[in-house]
Amino acid sequence: MNDRIVFHIDVNSAYLSWEAAYNLQMGSNLDLREVPSIVGGDQEKRHGIVLAKSIPAKKYGIRTGETVYSALEKCPQLIVVEPHYERYMKASKAMVDFLSDYSPNIQRYSIDEVFLDYSNGNLPYMEAAQKMKEGIKKELGFTVNIGIGPNKLLAKMASDFTKPDKIHTLFYNEIAEKMWPLPVEDLFMIGHRTKKKLNSRGIFTIGELAHLDKNYVYSWLKKPGLLIWEYANGIESSDVKSDKSKVKSIGNSTTLPFDVTTKDEALKVILGISEMVGMRLRELNMRAHVISVSLKTSEFFSYSHQKKLHIPTSSTNTIYKTASTLFEEMWDYNPLRCFSISLSSLLDEDFIQLSLFEDFNEKDILLDKSIDHIRTKFGQDSVIRSSFLYSGIDPIIGGVVAEENYPMMSSYL
DNA sequence: TCTGGGGTCCTAGGACCC
DNA sequence: TCTGGGGTCCTAGGACCC
């Protein structure tokens, strides 16, 4: 096997750093990174959770994902700023552009993380990492952690060690010393549930997991068990994929500022989301075979229904009709706070046209395409359905990041 | 009291076929 | 009728990631 050198570059407190850098550029003299601050959603819209926190905020015990309300209880003088996703996309892209000078082989793993294959790099890897880190700080105004390892998993684990603005290595001969003493939940792919399971059988460190019998772990935790056992032993061999992988599903969801209690309102929300997922699907020149609707009640109970269509579609109308039927099948008249529609089993349009499918909705799709065209040219609200007028519900719902396609991210490497 | 949005992959049970 | 199994498809739900 040839030795690989993989870098994992991770923006420190990404959204918060980007807000801080933006504000400084705009002439502010307060650096959000130096005071207790968070990026958080609007509580009045019921979006009030912590998306990112500064290091001073972390010292108050504030954690990503908790409510803004409880963060403010922990630290009343906390500064809360709203997220601006377009800014983050720009910052993310600028970082990828900067890094592409160092290697052609870059995988954009999420908005704030990239893998970079430096196996064929010109510089010694430490020197290269140093240059990347300093260059990003100087040119783009934010700091990153860089993890270096023989595969993606170890590089990713390394970038998580101590923060911010640090470079760490994690090669095979360093696993026992640097990774095995860590608590199991620090291992990639071990979440809350798996931590509890492992702890209940006396496994508390990554090293303890690594030393278990592989077959025992498999019979206990099945495939995910095998995966985390391999990760605990530093075993992982996926490629740094620079070409975009195929999209597997497209979904949009919304939490409304108020509970929905009538079918009429619910169907408007479903139509609004159908418009968005349909638009995104057509933009990718794909059609979907499976449509799924999930609901969350005001009590936070979630449930979903899905349907496989006989003929894959990209028509907003078909998506809406199918989603409405699914909704009516499943709704038990409890007040609803969140709606989502997801399209999966996606196929390329070209493939469909060559196949034996005869789409009944060809006219709908042509109409959708001309509406898409007008919306692209004149703005999303240039064409809206009259039923939305004065309804208090947005005619097109979802789409955190406008314009650019969100980079692909998988929970697996 | 308050709890987002966008993804991927896996499992288990039932239907249906041979 | 006291009765198999294997394979595939479909659906609902859950685990994890950022």
Side-chain angles (χ1 to χ4, degrees), chain A residues 8 10-11 13-15 38-52 63-74 82-83 85 88-89 92 108-114 152-153 156 159-160 185 187-197 218 221-228 231 238 245-257 273 276-277 280 289-310 326 329-330 337-346 397-401 405-413:
Chain A
H8 179 249
D10 189 339
V11 180
S13 316
Y15 291 1
I38 60 169
V39 175
D42 183 347
Q43 294 182 86
E44 298 211 337
K45 289 185 180 154
R46 308 204 293 187
H47 290 183
I49 66 158
V50 176
L51 299 162
R63 285 194 286 201
T64 303
E66 80 174 304
T67 60
V68 172
Y69 183 94
S70 91
L72 281 164
E73 274 189 329
K74 289 176 181 172
E82 293 249 317
Y85 294 100
Y88 311 154
M89 282 306 304
S92 172
R108 211 166 167 177
Y109 179 66
S110 75
I111 194 162
D112 66 334
E113 292 180 30
V114 307
K152 284 158 71 178
L153 184 268
K156 186 160 168 56
S159 70
D160 218 27
E185 63 269 28
L187 184 64
F188 180 69
M189 287 307 288
I190 296 186
H192 173 246
R193 299 301 297 254
T194 310
K195 166 192 155 68
K196 270 181 80 175
K197 280 189 194 172
Y218 180 68
L221 301 168
K222 298 288 176 327
K223 247 179 164 172
L226 211 54
L227 188 78
I228 57 173
Y231 284 0
S238 68
S245 45
K246 279 266 179 263
V247 184
K248 305 259 173 67
S249 70
I250 295 175
N252 284 102
S253 64
T254 188
T255 293
L256 295 141
I273 302 175
M276 178 53 88
V277 289
R280 291 177 60 204
H289 233 138
V290 175
I291 298 178
S292 141
V293 175
S294 32
L295 306 173
K296 196 191 295 178
T297 67
S298 53
E299 316 270 60
F300 276 78
F301 178 73
S302 296
Y303 49 107
S304 69
H305 263 36
Q306 66 177 57
K307 184 172 172 58
K308 177 156 185 158
L309 304 171
H310 292 110
L326 288 165
E329 277 169 21
M330 68 195 292
R337 67 138 40 209
C338 179
F339 289 74
S340 84
I341 301 179
S342 178
L343 310 175
S344 55
S345 292
L346 306 183
I397 298 172
V400 160
V401 180
N405 275 329
Y406 194 82
M408 285 306 307
M409 206 257 324
S410 154
S411 56
Y412 289 74
L413 293 176

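Per chain, numbering begins at 1; letters A, B, ... match sequence-line order.
- If you check every strand for non-hydrogen atoms under 4.0 Å, A/Ser292 touches nothing.
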Could you summarise the pairing of DNA chain B as dot-bracket text, marking Watson-Crick and G-U pairs under 3.5 Å with ( ) or [ ] inside the strand and | across strands? ....||||||||||||||

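- Contact between the side-chain N/O atoms of A/Ser249 and the OP1/OP2 oxygens of B/dT8 is found at a separation under 4.0 Å.
- Among residues two or more places apart in sequence or in another chain, the side chain to side chain donor-acceptor pair (under 3.5 Å) test is passed with A/Ser345 by none.
- On the C1' atoms, B/dC16 is 16 Å away from C/dG4, given to the nearest whole Å.
- Regarding A/Ile341, its CD1 atom lies at a distance of 14 Å from the P atom of B/dG5, rounded to whole Å.
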Are A/Val50 and A/Thr67 close enough, and set up right, to give a side chain to side chain contact (heavy atoms under 4.5 Å, CB included), and what steps lead you there? CA-CA 6 Å; A/Val50 176; A/Thr67 60; over 6 Å; no

Under 3.5 Å, which N/O atoms of the protein pair with N/O atoms of nucleotides 10-16 of chain B?
residue : atom : partner  : partner atom : Å
B/dT11  : OP1  : A/Lys223 : N            : 3.2

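- At a threshold of 4.0 angstrom between heavy atoms, the contacts of A/Gly41 with the nucleic acid are absent.
- Here A/Ser302 lies out of heavy-atom contact (under 4.0 Å) with every strand.
- Residues forming a side chain to side chain donor-acceptor pair (under 3.5 Å) with A/Asp160 (at least two apart in sequence, or on another chain): A/Lys163.
- Atom NZ of A/Lys246 is separated from atom C1' of B/dT8 by 17 Å (rounded to the nearest Å).
- With sequence neighbours excluded, the residues forming a side chain to side chain donor-acceptor pair (under 3.5 Å) with A/Lys156 are A/Glu113, listed by chain and number.
- Listed pair A/Thr255 / B/dT3 fails the phosphate criterion, with no side-chain N or O lying under 4.0 Å from OP1 or OP2.
- Residue-level contact check: A/Glu73 touches neither bases nor backbone, having no heavy atom under 4.0 Å from any strand.
- With C/dC17, B/dG5, B/dT3 as the candidates, the nucleotide lying closest to the side chain of A/Arg337 is B/dT3.
- At the heavy-atom level, A/Glu66 lies nowhere under 4.0 Å from the strands shown.
- Within the nucleic acid shown, A/Leu51 comes within 4.0 Å of at least one base atom, counting heavy atoms only.
- The shortest distance between the side-chain N/O atoms of A/Asn252 and the OP1/OP2 oxygens of B/dG6 is below 4.0 Å.
- Residues meeting the salt bridge (Lys or Arg N to Asp or Glu O under 4.0 Å) test with A/Arg337, sequence neighbours left out: none.
- In this structure, A/Phe300 forms an aromatic stack with the base of B/dT3, since both conditions hold: centre separation below 5.5 Å and plane angle below 30°.
- In this structure, A/Lys156 reaches the sugar-phosphate backbone alone: every heavy-atom distance under 4.0 Å involves primed, P, OP1 or OP2 atoms, never a base.
- In terms of phosphate contacts, A/Ser253 brings a side-chain nitrogen or oxygen within less than 4.0 Å of OP1 or OP2 of B/dG6.
- Look at CG on A/Leu343: it is 16 Å from C1' on B/dT8, rounded to the nearest Å.
- Within the 4.5 Å cutoff, the side chain of A/Lys197 has no heavy atoms near those of the A/Arg193 side chain.
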